[in-house]
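I have placed the structure first, in the form of structure tokens, so that the comments after it can refer back to it.
Just so it is clear, the values below take in all heavy atoms, side chains as well, and ignore hydrogens, waters and symmetry mates.
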Amino acid sequence: MTEASVTASIEVGVDPATAFKVFTEEIDLWWVRGPINFFDAARATAMQIEPGVGGRILEVYSPPDDVLELGKITDWQPGALFAYRSSVDDTETRINFEAIDEGCRVTVVQSLLPGGKKAFYFWRNIIHWIPEWLERRPGVYRRPAFFRDK
């Protein structure tokens, strides 16, 4: 039986607006390259999110106009919420950016749609790449040791 939903969250030492920007604008910088991290890893050259409701989440190939649409954005509230309906399975995903004392909690909830049968629940394996990228990202940010994946 397929789970109805999967939740994963992390805490990062940046404000929600920065965490949202990193998640959406810098996805190609933090998305780890590898044979199991793309639908067509042999051809993939980038990950991209087109901003705004109706924008797409794309796996980009070469030439750059060759793409696989992974999802369509259904909610876009910079610094607060990003949501999309998957184009490759029967799920919808909501990513919340919540201010906490030490920065921001990023929570991803990926849910099987009513009547859906196919779900690729991958976010719990991927979300930890964001703080790893923030630790290497140019600038002053360094994640305190007490922050951890949840």
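The two residues Ala46 and Arg33 make their nearest non-hydrogen contact at CA-NH2, 3.8 Å. Closest of all the heavy-atom pairs between His128 and Glu132 is ND1-OE2, 3.2 Å. Considering all non-hydrogen atoms of both residues, Lys72 and Ser87 come closest at N-OG, 4.2 Å. Ile10 and Pro131 make their closest contact through CD1-CD, 3.3 Å (heavy atoms, listed as atom of the first residue, atom of the second, distance). Pairing each heavy atom of Leu81 with each of Phe97, the nearest pair is N-CD1, 4.1 Å. The two atoms that bring Leu112 and Lys117 nearest to each other are CD1-N, 4.2 Å, heavy atoms only.
Residues Phe20 and Trp76 bring their aromatic ring centres within 6.0 Å. Ring centroid separation for the pair Trp123 and Phe23 comes in under the 6.0 Å cut-off.
In this structure, Asp28 contributes its side chain and Met47 its backbone to a donor-acceptor pair below 3.5 Å. Between the Trp30 side chain and the Val22 main chain, a donor and an acceptor come within less than 3.5 Å of each other. Judged purely by atom type and a 3.5 angstrom limit, Gln110 uses its side chain to pair as donor or acceptor with the backbone of Phe120. Looking only at distances, a side-chain donor or acceptor of Thr45 sits under 3.5 Å from a matching main-chain atom of Val60. With hydrogens and angles disregarded, no donor-acceptor distance shorter than 3.5 Å links the side chain of Glu59 to the backbone of Phe38. The closest donor-acceptor contact from the side chain of Asp90 to the backbone of Ala119 lies at 3.5 Å or more, if one exists at all. Panel note: side chain Asn37, backbone Val32; a donor-acceptor pair is recorded below 3.5 Å. No donor-acceptor pair under 3.5 Å is formed between the side chain of Arg56 and the backbone N or O of Leu68.
Taking CD of Glu11 as the start and SG of Cys104 as the end, the distance is 9.0 Å to the nearest 0.5 Å. Here the CD1 atom belonging to Ile130 is positioned 8.0 Å from the CD1 atom belonging to Ile27, to the nearest 0.5 angstrom. Note that CG of Asn125 is 7.5 Å distant from CD1 of Ile36, once rounded to the nearest 0.5 Å. Rounding to the nearest 0.5 Å places OG1 of Thr24 at 10.0 Å from CD1 of Ile57. The CG atom of Asp40 sits 8.5 Å away from the CG atom of Asp66 when rounded to the nearest 0.5 Å. Rounded to the nearest 0.5 Å, atoms OG1 (Thr107) and CD1 (Ile127) are 7.0 Å apart.
Side-chain heavy atoms closer than 4.5 Å link hydrophobic residues (I, L, V, M, F, W, Y) into clusters, and following such links, possibly through other members, connects Phe82 to Phe122. Ile95 and Trp129 fall within a single hydrophobic cluster, where Ile, Leu, Val, Met, Phe, Trp and Tyr side chains are chained together by heavy-atom contacts under 4.5 Å. Each of Tyr121 and Val109 belongs to its own hydrophobic cluster when Ile, Leu, Val, Met, Phe, Trp and Tyr are linked at side-chain heavy-atom distances under 4.5 angstrom. A chain of hydrophobic side-chain contacts below 4.5 Å, direct or via other Ile, Leu, Val, Met, Phe, Trp or Tyr residues, connects Tyr61 to Ile49. Under a hydrophobic clustering in which Ile, Leu, Val, Met, Phe, Trp and Tyr are joined whenever their side-chain heavy atoms come within less than 4.5 Å, directly or via other members, Leu113 and Val6 fall into different clusters.
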Given Gln48 and Glu50, is the side chain to side chain contact (heavy atoms under 4.5 Å, CB included) satisfied, shown in steps? CA-CA 7 Å; Gln48 180 182 347; Glu50 299 172 338; 4.3 Å; yes
If you apply the rule side chain to side chain contact (heavy atoms under 4.5 Å, CB included), what do you find for Tyr84 with Leu70, and how did you get there? CA-CA 9 Å; Tyr84 69 93; Leu70 302 175; 6.0 Å; no
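Shown here are the side-chain hydrogen bond (donor to acceptor under 3.5 Å, both in side chains) partners of Ser5, two or more places apart in sequence or in another chain: there are none.
A salt bridge is defined here as a Lys NZ or Arg NE, NH1 or NH2 lying under 4.0 Å from an Asp or Glu carboxylate O, and Arg85 with Asp75 fails to meet this definition.
With contacts defined as side-chain heavy-atom distances shorter than 4.5 Å, the pair Leu58/Glu69 qualifies.
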